[in-house]
Amino acid sequence: MSHTFPANFVWGAATSSYQIEGAWNEGGKGPSVWDVFTHDATPPGSVGNIPGQVFTPGNVYHNHTGDIGPDHYHHLDEDVALMAQIGLKAYRFSVSWPRVVPAGDGDINTAGLAFYDRLVDALLAANIVPWLTLFHWDLPLWAHQRGSWLNRDIAHWFADYTAAVVDKLSDRVSHWMTLNEPHIFLGPGEHEGLQCSNARKGHAERLLAAHHALLAHGRAAQTIRARAKTPPAVGWAPIGRVKVPASHAPADIDAARLMTHAVATKDFWNNAWLADPVVLGRYPEDGLRLYGSDAPCPLPGDMETIAQPLDFYGLNIYDAERWRAGPHGTGGRPEQVPFPPGHPQNALRWFIEPEALYWGPKFLYERYKVPMVITENGLAGLDWVDLDGRVRDYQRIDYTRRYLRELRRAASEGTDIRGYFHWSLMDNFEWQHGYSQRFGLIHVDYATLRRTLKDSARWYRTVIDTHGASLDQPVT
Ligand code: FCB
């Protein structure tokens, strides 16, 4: 059977504000939690400059910050020109909440909005469709100081901010994502202390924070639909925690499907705890049993607010776990199958599993029946500029080729998949890993801010131009 992508499948690349913009204190922008987290230089264990919060220097690799980074804020035109060179049809970016609402006193920073206004105009002039994410982790410091996601009012703050962005941009922007990976900013970020804010909350608090994040999602979706000047497509961009079957035996496929939907451990490394409320309007039964009295008690109307209709379900997928049916196919509890020694990994040591882009969208589409969009997928590499000026990132090409072929197979077999956004357009600040990881199609020299299209960018251009047909050709 020959596999093809749907005719109107969208080809894009993605970034986020804190990771690429720089200009952390310019144009009226207020501080975000990441600005504080990366700047704090007090000794371990002491109280940093967010009242009541403890920050530990050294959490970010070599104390890197996003102060300048790729400096996209000052390279907007050049970057859009590079997107056009890659042939992108769409670009997923995020708006920095503290750039738009610096102080939380009701004032909107018009200079901040003007930056995104220019970006959107430049994209449209280059025939690139803007896909806008409202929150990709750079929480305003003022929101953090008022209790962050533990304060139920955050849903109103987020809706007010959303209204300002929608009012300014929705005459030209029609694709919206509310939250990027709440699993991470609530889990490793807020719970395990790997990212902002080092808070290490207990289960009940963490689940309450998550409930408020879901309310913020719902309120933002309502706000977009109520105010948008052009018909909006509303989605979100959760992480896709994919379990692939260790073999194609039906029992193993069932095991992988079961575990993809299960809430089996008390963390956010699952899909259903956050996605069931968003799409189905209820918390999953297994999760409620697992958490018992730690589970949040929704107020009347909460679940209706959270479960807004979605036009697409974004999925950030990089890797997967392998699972099989319980011992000897007896119907016992599914078990995870470790990758064999030497199995390919990216530079962050995440295992490479191309079938993640087949089973992930398929399983989640089966459960949620919302069109799927891959909002992130890509490879962390140790790329550098060769002596002759080229960046030969063959591993990124091979990775993407394998993953896209699996995605195409899923689309051909009936999973409704509408688009693919490569992470990332350009090398950038990889959160606690600083600049030690390179995910870009474009290489960035952080000393000179010089951009270089990597070989993968040229290869991706051909994929886009041929609508995926070139995935069948060997890479030369
Ligand atoms: C995702 C994040 C994105 C980037 C990639 C590698 O979890 O959404 O910002 O860090 O991973």
Side-chain angles (χ1 to χ4, degrees), residues 12-22 32-34 37-38 59-61 64-66 69-70 72 91-97 131-139 177-192 194-196 213 217 235-242 267-271 274-275 313-321 345-353 356-357 360 373-383 393 395-396 399-400 403 420-442 444 456:
T15 61
S16 86
S17 46
Y18 186 72
Q19 293 178 277
I20 67 161
E21 282 179 5
S32 78
V33 289
W34 273 95
F37 188 65
T38 54
N59 270 345
V60 176
Y61 177 85
H64 292 168
T65 74
H72 169 66
Y91 172 52
R92 174 178 176 231
F93 64 97
S94 78
V95 170
S96 158
W97 185 356
W131 285 54
L132 188 155
T133 307
L134 286 159
F135 181 70
H136 199 126
W137 306 358
D138 42 359
L139 187 75
M177 284 145 287
T178 56
L179 306 179
N180 182 75
E181 296 187 0
H183 315 66
I184 302 295
F185 71 76
L186 298 165
E190 293 259 311
H191 178 53
E192 289 149 39
L194 288 181
Q195 300 185 344
C196 296
H217 157 83
W236 68 327
I239 201 166
R241 291 303 296 171
V242 183
D267 54 36
F268 282 129
W269 295 115
N270 68 72
N271 299 294
L274 298 174
Y313 188 119
L315 276 173
N316 296 351
I317 298 180
Y318 293 85
D319 54 5
E321 292 170 2
Q345 293 176 311
N346 75 4
L348 280 165
R349 301 287 172 207
W350 303 352
F351 286 111
I352 312 293
E353 179 51 275
L357 280 201
V373 172
I374 303 302
T375 36
E376 286 182 24
N377 168 253
L379 181 89
L382 301 173
D383 323 313
D393 58 336
Q395 288 185 329
R396 179 166 295 103
Y399 171 100
T400 310
Y403 274 66
Y420 172 87
F421 288 81
H422 191 81
W423 184 273
S424 173
L425 173 71
M426 65 177 87
D427 293 340
N428 60 51
F429 177 85
E430 179 49 33
W431 307 114
Q432 67 269 39
H433 306 290
Y435 298 103
S436 67
Q437 305 295 323
R438 294 185 180 271
F439 270 96
L441 296 166
I442 299 169
V444 178
S456 58

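We count ligands from 1, going down the list as the structure has it; atoms in each ligand are counted the same way.
Taking atom 10 (O) of ligand 1 as the reference point, the nearest protein heavy-atom neighbour is E430 OE1, 2.8 Å. Atom 5 (C) of ligand 1 has Y318 OH, 3.2 Å as its closest protein atom, hydrogens excluded (heavy atom only).
A donor atom on one side chain and an acceptor atom on the other are not found under 3.5 Å apart for N428 and Y18. The closest side-chain donor-acceptor pair between S17 and S94 falls under 3.5 angstrom.
The pair D383-R396 meets the salt-bridge criterion, since a charged nitrogen lies less than 4.0 angstrom from a carboxylate oxygen.
Side-chain atoms of W131 never come within 3.5 Å of backbone atoms of M177 as a donor-acceptor pair (strictly under, hydrogens ignored).
Judged as a side chain to side chain donor-acceptor pair (under 3.5 Å), and not counting sequence neighbours, Y435 has no contacts.
Residues I317 and Y399 approach most closely at O-OH, 4.4 Å, considering heavy atoms.
Residue E376 has at least one nitrogen or oxygen atom sitting less than 3.5 Å from a nitrogen or oxygen atom of ligand 1, judged on distance alone. Considering both main-chain and side-chain atoms, E181 comes within under 3.5 Å of ligand 1 through a nitrogen or oxygen pair.
Taking the six-membered ring where tryptophan is involved, the planes of W236 and H183 are tilted, since the angle between them lies from 30° to 60°.
In the vicinity of W431, heavy-atom distances shorter than 4.0 Å reach the ligand 1 atoms 3 (C), 4 (C), 9 (O), 10 (O). For ligand 1, the atoms closer than 4.0 angstrom to any heavy atom of F439 are 6 (C). If you number the atoms of ligand 1 from 1 as listed, the ones under 4.0 Å from a heavy atom of Q19 come out as 3 (C), 4 (C), 9 (O), 10 (O).
Heavy-atom separations between N180 and ligand 1 include at least one value shorter than 4.0 Å. H136 counts as a contact of ligand 1, since one of its heavy atoms falls under 4.0 Å from the ligand.
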